[in-house]
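My structure is below; once you've seen it, I'll send some questions.
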Amino acid sequence: MGLVIAIDGPAAAGKGTLSKRVAQAYGFAHLDTGALYRAVGVSVLRAGGDPADAEAAAQAARALRPDDGILNDPALRNDDAAQAASKVAAVPAVRAALLEFQRTFAATPPGGAPGAVLDGRDVGTVVCPNADAKLFVTASVEVRAERRLKELRERGIPAIPSDVLEDMKARDARDSQRTVAPLLPAADAFVLDTSALDADQAFAAATAFIGTKT
Ligand code: C5P
């Protein structure tokens, strides 16, 4: 088994950008575990179901074939997909169905890469509790809403600032308060608050920490 780096944190804290850069710098494979939950949410929505319906969500999770290209579907990036993801993610059977794929990715990264970076909400706590380095990347909810707003505008999607902030708070609450695998830093995670950092500074702080662990 190669090196495993776990990067968890709330939405729009900068963990996606950071994870991709870290993976590239070390030549590791990268898995955005949030895309798995988004894919489940989107397949429930496409089937005309309700993402909060535990049975429909569990069925979609068991039917998911993450290698078939679904993780790159642009529909996964929409806000509907994000909200649906955080609903299906609260269903224990959904989390259980997605666990094996994530652990296999970490243990035998695709392409024979010497290690893997997984980012999500529970990588350091549940998926890979023995990861070599764990980071918890966070930022204030206002900063994260601001970043999401900028991203939406860059993609040409009209958005109302107060709605974006409210959606962010709703998703934070669902992710933190659920009983199964709630969003929470692992005891041995390095907490990196990016509220006042740009992407380069966050990358420098992350690699300095990873260097002490690997
Ligand atoms: O990271 P991203 O915004 O794509 O995640 C979408 C949703 O998927 C999160 O709000 C969370 O509810 C869920 N998720 C999770 N566990 C993970 C990754 C994502 O519960 N490891």
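Each residue takes its place number in the sequence, starting with 1. Each ligand, and each atom within it, is numbered from 1 in the order the structure gives.
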Item to complete: Could you go through the salt bridge (charged side-chain N to carboxylate O under 4.0 Å, His left out) check for Arg148 and Glu151 one step at a time?
Response: CA-CA 5 Å; Arg148 178 52 46 86; Glu151 181 199 323; 3.2 Å; yes

Query - Ion pair check, Lys134 and Asp188, cut-off under 4.0 Å - result: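 Here Lys134 pairs with Asp188 in a salt bridge, since their nearest N and O are under 4.0 Å apart.
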
inquiry  = Within the structure, is a non-hydrogen atom of Arg174 found at a distance of less than 4.0 Å from ligand 1?
reply    = no

query = Does even one non-hydrogen atom of Lys15 get within less than 4.0 Å of ligand 1?
reply =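 Distance cut 4.0 Å: Lys15 passes for ligand 1.
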
The test is side chain to side chain donor-acceptor pair (under 3.5 Å); show your working for Arg147 and Thr194 and say whether it passes. CA-CA 11 Å; Arg147 287 180 187 159; Thr194 67; 3.0 Å; yes

- Query: Looking at ligand 1, does any of its N/O atoms fall within less than 3.5 Å of an N/O of Gln102?
  - Reply: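 Not met; the criterion fails.
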
Interatomic distance, CG@Leu192 vs CG@Leu18, rounded to 0.5 Å, equals 7.0 Å

(request) Give yes or no for whether the N/O distance cutoff of 3.5 Å, strictly under, is met between Arg121 and ligand 1. (result)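 Among all N and O atoms of Arg121, at least one is under 3.5 Å from an N or O of ligand 1.
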
key: Closest to atom 13 (C) of ligand 1 among Ala6, Gly34, Ala89, Gly124 (heavy-atom distance)   =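 Answer by nearest heavy atom: Ala89.
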
Item checked: Backbone or side-chain N or O of Tyr37 under 3.5 Å from ligand 1 N or O -> no

TODO: Output yes when Arg77 and Asp32 qualify as a salt bridge under the 4.0 Å nitrogen-oxygen rule, no when they do not.
DONE: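 Looking at Arg77 and Asp32, the cut-off is met.
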
Counting heavy atoms under 4.0 Å, the part of Met168 that contacts ligand 1 is neither

Identity of the nearest option to atom 7 (C) of ligand 1, non-hydrogen atoms only, from Ala181, Ala85, Ala170: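 When every heavy atom of Ala181, Ala85, Ala170 is considered, Ala85 comes closest to atom 7 (C) of ligand 1.
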
Exercise for the section: For ligand 1, find out whether one of its N or O atoms is nearer than 3.5 Å to an N or O atom of Asp32. Expected result: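 In this structure, Asp32 places no N or O atom under 3.5 Å from an N or O of ligand 1.
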
In this structure, atom 16 (N) of ligand 1 is nearest to the protein heavy atom Arg95 NH2, 3.0 Å

Provide, to 0.1 Å, the distance between atom 18 (C) of ligand 1 and the closest protein heavy atom, together with that atom's residue and name.
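Nearest neighbour among protein heavy atoms for atom 18 (C) of ligand 1, to 0.1 Å: Thr33 OG1, 3.4 Å.
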
**Study point:** Ion pair Asp119/Lys20, N-O distance below 4.0 Å
**Key:**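 No, no charged N to carboxylate O under 4.0 Å.
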
query = Side chains of Ile7 and Phe136: closer than 4.5 Å at any heavy-atom pair?
reply = no

Do the side chains of Leu184 and Ser176 get nearer than 4.5 Å, heavy atoms only?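 A side-chain contact is absent here, since even the closest heavy-atom pair is not under 4.5 Å.
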
Under 4.0 Å from one or more heavy atoms of Arg38, ligand 1 contributes atoms 2 (P), 3 (O), 4 (O), 6 (C)

Rounded to the nearest 0.5 angstrom, the CG-CG distance for Leu98 and Leu64 is 6.5 Å

One should read off an interatomic distance between Thr17 OG1 and Phe203 CZ, to the nearest 0.5 angstrom, of 12.0 Å

Pull out every atom of ligand 1 sitting under 4.0 Å from any heavy atom of Gly120, numbered as shown with elements.
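By the 4.0 Å cutoff, the relevant atoms are 18 (C), 21 (N).
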
If we number the atoms of ligand 1 from 1 as shown, the ones under 4.0 Å from a heavy atom of Arg171 are 3 (O), 5 (O), 6 (C), 7 (C), 9 (C), 10 (O)

Closest heavy-atom approach to atom 12 (O) of ligand 1 among Asp175, Val126, Leu31 is made by Asp175

